[in-house]
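Heads up: the structure comes next, in structure tokens.
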Protein chains: 2
Amino acid sequence: MSSVGKALELLMLFNDAQPEIGLSQICRLTGKDKATAYRYLQALENSGLVEQTPLTRSYRLGPAVLQLARIREMTVPRKSGAESTLRELADATGETAHVTVLSGTAVFALTSCESHRHSTRVIIDVQTFPLHATASGIAALSFGPEGLLDVAKDTLTVFTPNTATTMKSLRAAIDETRRSGFSRSNGGFESDTRSIAAPLFDQSGLFAGAVSVASVATRFTPESEKMIKTRLAAASRQISRNWGGTVPDELERAWQQSLTPPHELEAAP
Amino acid sequence: MSSVGKALELLMLFNDAQPEIGLSQICRLTGKDKATAYRYLQALENSGLVEQTPLTRSYRLGPAVLQLARIREMTVPRKSGAESTLRELADATGETAHVTVLSGTAVFALTSCESHRHSTRVIIDVQTFPLHATASGIAALSFGPEGLLDVAKDTLTVFTPNTATTMKSLRAAIDETRRSGFSRSNGGFESDTRSIAAPLFDQSGLFAGAVSVASVATRFTPESEKMIKTRLAAASRQISRNWGGTVPDELERAWQQSLTPPHELEAAP
DNA sequence: AAACAACGGTTCAATATATGAACCAGCCGA
DNA sequence: TCGGCTGGTTCATATATTGAACCGTTGTTT
């Protein structure tokens with residue numbers, strides 16, 4: 001890996017649980033040498049991406065990331081284009097809702113929204129969603145660019161006893177997703193969590209991300225599933241429109257079929 | 001410069017005017033080799049800091065910057081702690097107000113707010129404020145850490161015919177700022193612009209940034225200057241409090257003196 | 001108070017890594 | 001068809017990165 005890549009790994013160490021990190025701690029987390037980590041941090045600090053707290057001398061993200069975020073938002077106002085819909089989705093379903101975006105071959109968390117209805121909620125605090133183990137990731141594999149499955153093949157990490165790690169089961173999940181229009185993860189990433197996702201499309205007409213609802217497993221019933229899927233389809237249409245895209249007709253048909261109960265199918269001509 | 005630093009320079013190329021840049025354009029802007037720039041962009045893309053638009057193959061800031069910004073805001077909610085005050089300041093003065101933060105030896109723009117009162121406004125679209133040529137920069141030199149003047153000495157860029165570029169004039173400006181508690185720039189960075197700034201302090205008790213009002217020169221009168229200074233002092237107190245700091249007593253005294261008209265001084269014992 | 005450990009930061013020889021000229025392939029307009 | 005532009009790739013050269021050992025400081029333990 002290039003030294004640039006290694007330096008950028010340091011940036012990704014900062015998260016909600018650990019927003020300020022000392023030099024030694026950074027060395028421990030990355031396995032890097034102290035001098036190397038120090039030089040990286042110097043470079044990052046020179047560009048304002050990190051800064052040192054004057055008192056503790058530990059490092060935290062710097063003000064430049066705010067600048068960059070503002071420009072990113074101006075360039076691709078996807079986050080703002082998804083937030084209101086996501087709020088409605090979380091309120092309507094009573095669960096935690098996520099929007100992810102595909103960038104290159106990785107699925108990034110864009111924004112999330114928790115419902116206040118239940119005291120138990122699903123809280124997922126990651127920046128990249130594994131392709132093979134999350135509903136959003138499987139949506140990307142099912143509706144995204146071709147080469148994505150090869151990328152997933154190389155990183156079939158086991159997260160829980162339920163994680164599907166064979167290519168056969170993964171292909172089956174993709175087939176089912178393409179058929180029904182919804183992808184799912186039954187505790188394959190976080191135990192006791194059931195997620196359903198629908199794909200999102202942008203102005204290029206291609207898969208751009210996914211919207212998902214993560215439900216606590218004990219609350220998950222056939223009734224809630226159908227309600228969630230209905231809301232997800234609506235949310236997908238709305239966010240895709242905000243992003244300049246539309247839901248493909250074939251996906252609309254897939255949704256319609258999988259949301260129509262069998263007895264109504266028989267009644268139809 | 002380290003390769004990490006050079007890679008991060010690429011990041012800073014993206015701005016409002018040019019949010020998407022092609023590989024060749026990046027090479028032109030930086031003078032770097034095509035292969036080098038390409039490898040840097042690959043590294044930046046792998047971490048999600050930039051992404052490629054699928055259609056034009058040009059590069060833009062990626063979704064990871066949003067993640068980082070969220071964590072930064074959570075860690076140091078300075079921007080949010082300054083925004084409401086800045087809005088009031090802009091409304092009260094009828095001018096454009098800025099808040100800058102000192103990170104290392106650079107003064108970064110944190111947020112700004114325009115007034116809608118006049119059709120002509122000062123719009124400053126930079127990410128770093130020069131130490132020697134802006135009111136915010138001179139505030140940093142006057143109230144910030146010791147070594148800052150040495151940094152400024154090395155980069156006395158000329159921006160307008162009014163830019164003060166001698167160390168003598170710069171020292172005079174610093175002395176006057178320490179005496180009055182307000183720094184100023186009379187068109188030294190942008191022509192026809194008069195700026196006044198007051199320092200900000202955070203939980204460390206040290207200088208943390210500045211709040212400034214940029215006025216169109218033709219509107220600038222002794223009356224408006226006094227009003228602006230009064231508002232600036234109030235804004236500085238409020239933002240410093242939001243950041244966990246307080247305005248030092250000696251600065252309060254300096255403000256009080258420079259806001260008291262001479263005839264009242266004579267009347268006092 | 002002395003000893004100790006952990007911290008951030010610095011140095012310098014060894015070497016792994018970045019570099020860029022040249023090259024390829026695809027696209028567009030003339 | 002040509003020429004110029006684009007994004008992307010290769011490989012010998014040489015430069016920038018690396019990490020063990022070091023220093024000074026801080027705060028804790030004996």
Side-chain angles (χ1 to χ4, degrees), chain A residues 1-11 13-14 18-62 75 103-105 145-147 150-151 204 206, chain B residues 1-14 18-62 75 103-105 145-147 150-151 204-206:
Chain A
M1 173 177 286
S2 69
S3 69
V4 178
K6 283 178 268 183
L8 295 178
E9 274 186 358
L10 298 195
L11 260 194
L13 292 178
F14 300 93
Q18 203 172 29
E20 298 193 1
I21 320 181
L23 176 59
S24 299
Q25 178 71 359
I26 286 176
C27 296
R28 258 176 261 122
L29 290 170
T30 57
K32 294 262 169 302
D33 186 82
K34 199 168 30 168
T36 303
Y38 179 67
R39 278 188 299 263
Y40 287 162
L41 287 167
Q42 291 267 322
L44 293 170
E45 188 172 17
N46 280 336
S47 62
L49 289 178
V50 306
E51 68 180 7
Q52 242 181 328
T53 64
L55 295 174
T56 65
R57 281 185 171 175
S58 61
Y59 296 86
R60 65 184 175 205
L61 293 174
T75 314
S103 180
T105 58
E146 292 299 324
D150 294 327
V151 177
S204 71
L206 303 173
Chain B
M1 172 175 287
S2 68
S3 71
V4 178
K6 283 179 269 183
L8 295 179
E9 273 186 358
L10 298 196
L11 260 193
M12 305 309 162
L13 292 178
F14 299 92
Q18 203 172 31
E20 298 193 2
I21 320 181
L23 175 59
S24 298
Q25 178 71 0
I26 286 176
C27 296
R28 257 177 262 120
L29 290 170
T30 58
K32 293 262 170 302
D33 186 84
K34 198 167 31 167
T36 303
Y38 179 66
R39 278 187 299 263
Y40 286 163
L41 287 167
Q42 291 266 322
L44 292 170
E45 188 172 18
N46 281 335
S47 63
L49 289 178
V50 306
E51 68 181 8
Q52 239 179 334
T53 65
L55 296 174
T56 65
R57 281 185 171 177
S58 61
Y59 296 86
R60 65 184 175 205
L61 293 173
T75 314
S103 180
T105 58
E146 293 298 326
D150 294 327
V151 177
S204 71
L206 303 173

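Side-chain atoms are counted along with the backbone in the values below, which use heavy atoms only and exclude waters and symmetry mates. Numbers restart at 1 for each chain; the letters A, B, ... are given by sequence-line order, proteins then strands.
- Checking the phosphate oxygens (OP1, OP2) of D:dT17, no side-chain nitrogen or oxygen of A:Lys6 falls inside 4.0 Å.
- Taking each heavy atom of A:Leu61 and A:Glu51 in turn, the nearest pair found is O-CG, 4.1 Å.
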Protein-nucleotides 8-15 of chain C N/O pairs closer than 3.5 Å?
residue : atom : partner : partner atom : Å
C:dG8   : OP1  : A:Leu23 : N            : 2.8
C:dG8   : OP2  : A:Ser24 : N            : 2.7
C:dG8   : OP2  : A:Ser24 : OG           : 2.3
C:dG8   : O6   : A:Lys34 : NZ           : 3.3
C:dG9   : OP1  : A:Gln52 : NE2          : 3.1
C:dG9   : OP2  : A:Gln52 : NE2          : 3.4
C:dG9   : OP2  : A:Tyr59 : OH           : 2.7
C:dG9   : O6   : A:Lys34 : NZ           : 2.7
C:dT10  : OP2  : A:Tyr38 : OH           : 2.7

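- Counting heavy atoms from C-beta outward, B:Leu49 and A:Leu11 have side chains that approach closer than 4.5 Å.
- Between B:Tyr40 and the phosphate of C:dT19, there is a side-chain N or O to OP1/OP2 separation shorter than 4.0 Å.
- Using a 4.5 Å heavy-atom cutoff, the side chains of A:Leu13 and A:Gln18 are not in contact.
- With rounding to whole Å, A:Arg28 atom CZ is found 17 Å from D:dG19 atom C1'.
- Regarding contacts with the backbone of C:dA18, a side-chain N or O of A:Ser3 is found under 4.0 angstrom from either OP1 or OP2.
- Here D:dA20 presents its P atom at 13 Å from NZ of A:Lys32, a figure rounded to the nearest Å.
- Contact between B:Tyr59 and B:Glu45 at its shortest, heavy atoms only, is CE2-OE1, 4.3 Å.
- Computed from coordinates, the B:Glu20 CD to D:dT6 C1' distance equals 16 Å when rounded to whole Å.
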Can you give me every donor-acceptor pair (side chain of residues 32-43 of chain A, partner residue at least two apart or in another chain, under 3.5 Å) with its distance?
residue : atom : partner : partner atom : Å
A:Asp33 : OD2  : A:Ala35 : N            : 2.8
A:Tyr38 : OH   : A:Gln42 : NE2          : 2.7

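- Nearest approach of B:Val4 to A:Ala7, heavy atoms of both residues: CG1-CB, 3.5 Å.
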